[in-house]
Amino acid sequence: QVQLVESGGGLVQAGDSLRLSCAASGLTFSGHAVGWFRQAPGKEREFVAAITWDGNSRYYADSVKGRFTMSRDNAKKTMYLQMNSLKPEDTAVYYCAADRRPWSARASATYYDTETYGYWGQGTQVTVSS
């Protein structure tokens with residue numbers, strides 16, 4: 001049974017930093033591309049960041065480039081999202097996800113699509129006050 005468990009969310013002020021973690025179990029973590037998505041109230045779930053299974057490529061939404069950094073630690077089966085210079089518009093529930101197919105060579109555009117990911121965490125709330 002695959003489980004992804006996020007942690008690290010909270011309430012912060014604009015300009016602050018947070019680091020989200022997502023611990024995986026029940027899958028060969030090192031073989032899966034992984035990503036972070038977020039969903040604000042009344043909005044669709046949107047892509048934030050992703051790393052390919054081999055770690056050679058990272059992808060970021062334009063809205064977070066230069067502020068957010070995604071990383072993975074295969075030995076710990078954990079992915080991270082370091083969020084700096086947070087803005088009120090970053091307020092959302094953040095979800096981690098893993099590719100439904102391990103060791104997949106995908107076109108870059110697919111990493112931005114929720115359909116690529118077959119495993120999801122339960123979400124962690126991030127609230128940024130102005």
Side-chain angles (χ1 to χ4, degrees):
Q1 175 183 354
V2 176
Q3 280 195 314
L4 300 177
V5 180
E6 301 99 337
S7 60
L11 171 63
V12 297
Q13 293 188 329
D16 285 352
S17 297
L18 272 179
R19 189 175 83 152
L20 305 183
S21 300
C22 174
S25 61
L27 76 171
T28 307
F29 182 77
S30 60
H32 289 259
V34 288
W36 288 95
F37 288 74
R38 66 187 182 186
Q39 189 166 18
K43 295 188 176 181
E44 292 187 355
R45 192 169 298 191
E46 65 173 5
F47 171 80
V48 175
I51 298 179
T52 53
W53 70 269
D54 56 10
N56 287 341
S57 296
R58 287 175 169 79
Y59 303 92
Y60 295 96
D62 288 343
S63 59
V64 307
K65 277 180 184 175
R67 299 188 299 123
F68 290 12
T69 302
M70 183 176 179
S71 60
R72 63 187 299 164
D73 185 333
N74 290 337
K76 295 183 177 179
K77 296 186 178 181
T78 301
M79 66 185 93
Y80 304 96
L81 185 67
Q82 177 66 43
M83 305 185 294
N84 298 330
S85 302
L86 282 161
K87 303 176 181 180
E89 51 264 44
D90 295 319
T91 295
V93 177
Y94 283 71
Y95 299 89
C96 61
D99 192 335
R100 64 177 67 251
R101 295 199 324 247
W103 296 288
S104 295
R106 294 184 176 278
S108 299
T110 63
Y111 293 104
Y112 296 75
D113 188 350
T114 56
E115 291 299 316
T116 295
Y117 303 88
Y119 309 102
W120 293 86
Q122 82 288 351
T124 186
Q125 177 70 47
V126 172
T127 303
V128 184
S129 64
S130 57

J.: Could D62 and K65 be called an ion pair, given the rule that one side-chain N must be under 4.0 Å from one carboxylate O?
T.: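 Yes, D62 and K65 are salt-bridged.
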J.: Is Y60 reaching over with its side chain to a backbone N or O of M70, donor-acceptor style, under 3.5 angstrom?
T.: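 The answer is yes, because a donor-acceptor pair under 3.5 Å joins these two groups.
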J.: Apply side-chain hydrogen bond (donor to acceptor under 3.5 Å, both in side chains) to Q3 and list each qualifying residue two or more places apart in sequence or on a separate chain.
T.: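 Q3 satisfies side-chain hydrogen bond (donor to acceptor under 3.5 Å, both in side chains) with no other residue.
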J.: Which pair of heavy atoms, one from V64 and one from V48, lies closest together, and at what distance?
T.: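 Scanning both residues completely, I find the closest heavy atoms to be CG2-O, 3.6 Å.
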J.: Backbone N or O of T110 within a donor-acceptor pair of the D113 side chain at under 3.5 Å?
T.: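 Pair absent, no side-chain N/O of D113 close to backbone of T110.
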J.: Between T91 (side chain only) and V128 (backbone N and O only), is there a donor and an acceptor less than 3.5 Å apart?
T.: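 The answer is yes, because a donor-acceptor pair under 3.5 Å joins these two groups.
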J.: Scan for side chain to side chain donor-acceptor pair (under 3.5 Å) pairs involving residues 12-29, sequence neighbours excluded, and state none if there are none.
T.: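 Listed by first then second residue: S17-N84.
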J.: Donor-acceptor check, side chain of R58 to backbone of S71, threshold 3.5 angstrom: yes or no?
T.: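 Checking the backbone N and O of S71 against the side chain of R58, no donor-acceptor pair under 3.5 Å is found.
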J.: Are the side chain of T52 and the backbone N or O of S57 linked by a donor-acceptor pair below 3.5 Å?
T.: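 Side chain of T52 to backbone of S57, a donor-acceptor pair under 3.5 Å: yes, one is there.
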J.: Test F68 against W36 for side chain to side chain contact (heavy atoms under 4.5 Å, CB included), laying out the working first.
T.: CA-CA 11 Å; F68 290 12; W36 288 95; over 6 Å; no
J.: In terms of ring plane angle, is the pair H32 and W103 parallel, tilted or perpendicular, where the classes change at 30° and 60°?
T.: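 Correct class here is tilted.
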J.: State which residues pass ring-ring contact (aromatic ring centres under 6.0 Å, His included) with Y117; sequence neighbours excluded, sorted by chain then number.
T.: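 In terms of ring-ring contact (aromatic ring centres under 6.0 Å, His included), with neighbours along the sequence ignored, Y117 is linked to F37.
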J.: Please confirm whether the backbone N or O of L20 pairs with a side-chain atom of E6, one donor and one acceptor, at under 3.5 Å?
T.: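 Not confirmed, E6 side chain does not pair with L20 backbone.
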